[in-house]
Amino acid sequence: SDIFPKALELLETKIASFKSTEPNNKVAVARATVVDDCSQAALSPPGIFTLTVPTGGGKTLSSLNFALRHAIAHGKHRIIYVVPFTSIIEQNATVFREVLTSLGENTVIEHHSNLAPDQEENQTTTSRLAAENWDAPIIVTTAVQFYESLYAAKTSRSRKLHNIANSVVILDEA
């Protein structure tokens with residue numbers, strides 16, 4: 001996506017602000033190491049990667065850093081962030097939106113049971129269709145929605161399958 005280089009610039013600015021605040025803090029140093037490792041791994045050929053980081057280690061932004069760099073390096077069209085719980089989706093989507101806010105409200109789309117296409121009262125038409133089709137640069141969804149998309153026999157659930165192809169898929173807490 002053409003938006004990924006701009007998103008990476010915004011993310012790098014956010015990450016740089018962390019580094020400059022506490023250079024002697026061991027947690028900050030560990031987070032910087034995780035970011036650097038993710039940056040290096042992103043240049044590797046597409047495949048399966050793992051990231052094991054303790055709570056508070058900066059996994060959310062580090063994994064986004066990896067995904068953006070990997071998408072840019074390998075011409076990927078979309079980033080799909082799959083998490084186990086709705087509460088984590090809302091938390092991660094909020095973090096992503098805070099960093100990427102200047103790129104527009106449809107850059108990050110949440111798709112979970114509280115926002116499912118058949119529960120339209122919680123959505124605008126644009127967000128409903130984007131969630132139904134996963135037609136946005138960054139999708140944050142639950143494992144249930146992701147796997148139902150792969151295995152469902154309903155047209156509405158499988159409509160997004162083609163958008164999984166050529167995407168960076170992050171399985172958070174798999």
Side-chain angles (χ1 to χ4, degrees), residues 1-16 18-19 31-53 58-84 88-89 92-112 115 117 126-152 155-174:
S1 174
D2 295 340
I3 206 164
F4 291 154
K6 294 173 193 160
L8 183 58
E9 281 181 42
L10 293 169
L11 180 62
E12 286 174 334
T13 300
K14 180 73 169 178
I15 290 171
F18 294 145
K19 289 181 184 177
R31 285 181 182 152
T33 301
V34 171
V35 168
D36 292 342
D37 289 348
C38 286
S39 295
Q40 288 300 318
L43 302 176
S44 300
I48 296 174
F49 301 84
T50 61
L51 175 62
T52 304
V53 178
K59 182 180 56 158
T60 300
L61 292 180
S62 294
S63 62
L64 180 61
N65 175 55
F66 168 86
L68 289 168
R69 290 178 185 281
H70 199 68
I72 293 166
H74 301 291
K76 302 297 182 187
H77 300 300
R78 174 171 293 100
I79 295 167
I80 302 171
Y81 208 93
V82 182
V83 297
I88 297 172
I89 283 183
N92 288 356
T94 298
V95 169
F96 296 160
R97 283 191 184 105
E98 285 173 2
V99 173
L100 307 175
T101 189
S102 65
L103 299 177
E105 66 181 39
N106 290 327
T107 300
V108 178
I109 295 291
E110 294 176 58
H111 186 213
H112 50 82
L115 297 170
T126 303
S127 67
R128 187 189 86 248
L129 290 173
E132 190 171 293
N133 297 318
W134 284 359
D135 190 17
I138 300 173
I139 305 295
V140 187
T141 190
T142 59
V144 169
Q145 291 290 337
F146 183 76
Y147 292 117
E148 280 185 355
S149 299
L150 293 175
Y151 297 106
T155 305
S156 62
R157 295 227 187 259
S158 60
R159 190 171 286 139
K160 65 190 82 68
L161 272 178
H162 69 286
N163 282 332
I164 297 173
N166 204 28
S167 294
V168 176
V169 178
I170 303 286
L171 299 174
D172 189 358
E173 299 190 28

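In this chain, numbering begins with 1 at the start of the sequence shown. Being a predicted model, the structure only gives us computed values, none of them experimental.
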Q) From Leu11 CG over to Leu100 CG, what is the distance, rounded to the nearest 0.5 angstrom? A) 7.0 Å

Q: Would you please classify the geometry between the Phe49 ring and the His70 ring as parallel, tilted or perpendicular, with 30° and 60° separating the classes?
A: perpendicular

For residues 165-174, please give each side-chain donor-acceptor pair under 3.5 Å, one per line with the distance, not counting sequence neighbours.
from, atom 1, to, atom 2, distance (Å)
Asn166, OD1, Lys76, NZ, 3.4
Asn166, ND2, Gly75, O, 3.2
Asn166, ND2, His77, NE2, 2.8
Ser167, OG, Asn163, O, 2.7
Ser167, OG, Ile164, O, 3.2
Asp172, OD1, Lys59, NZ, 2.9

**Q.** Partners passing side chain to side chain donor-acceptor pair (under 3.5 Å) against Glu12 (at least two apart in sequence or in another chain)
**A.** Arg69

Q) Once you round to the nearest 0.5 Å, how far does OG1 of Thr107 lie from CD1 of Ile3? A) 3.5 Å

Q. Would you say Asp37 and Thr33 make side-chain contact, with heavy atoms under 4.5 Å?
A. yes

Q: Supply the atom-to-atom distance Leu61 CG to Phe66 CZ, rounded to the nearest 0.5 angstrom.
A: 15.5 Å

Q) Below 4.5 Å, heavy atoms only, C-beta onward: do Leu51 and Val34 meet side chain to side chain? A) yes

Q: Check Asn65 against Leu8 and note the closest heavy-atom contact, atom names and distance.
A: OD1-CD1, 3.8 Å

Q | Smallest separation among heavy atoms of Phe4 and Pro137, with atom names | A | CZ-O, 3.6 Å

Q. Does any pair with a residue in residues 92-102 pass salt bridge (Lys or Arg N to Asp or Glu O under 4.0 Å), and if so which ones, sequence neighbours excluded?
A. Arg97-Glu110

Q | Interatomic spacing from SG in Cys38 to CD1 in Ile15 - rounded to 0.5 Å | A | 9.0 Å

Q: Check Leu10 against Val99 and note the closest heavy-atom contact, atom names and distance.
A: CB-O, 3.6 Å

Q) If you round to the nearest 0.5 Å, how far is CD1 of Ile138 from CD1 of Ile79? A) 5.0 Å

Q.
Testing the basics here: between His74 and Ser44, what is the closest heavy-atom pair and its distance to 0.1 Å?
A. NE2-O, 2.8 Å

(Q) Please enumerate all residues that pass ring-ring contact (aromatic ring centres under 6.0 Å, His included) together with Tyr81, with sequence neighbours excluded. (A) Phe96

Q.
For Tyr147, give me all partners under ring-ring contact (aromatic ring centres under 6.0 Å, His included), at least two apart in sequence or on another chain.
A. none

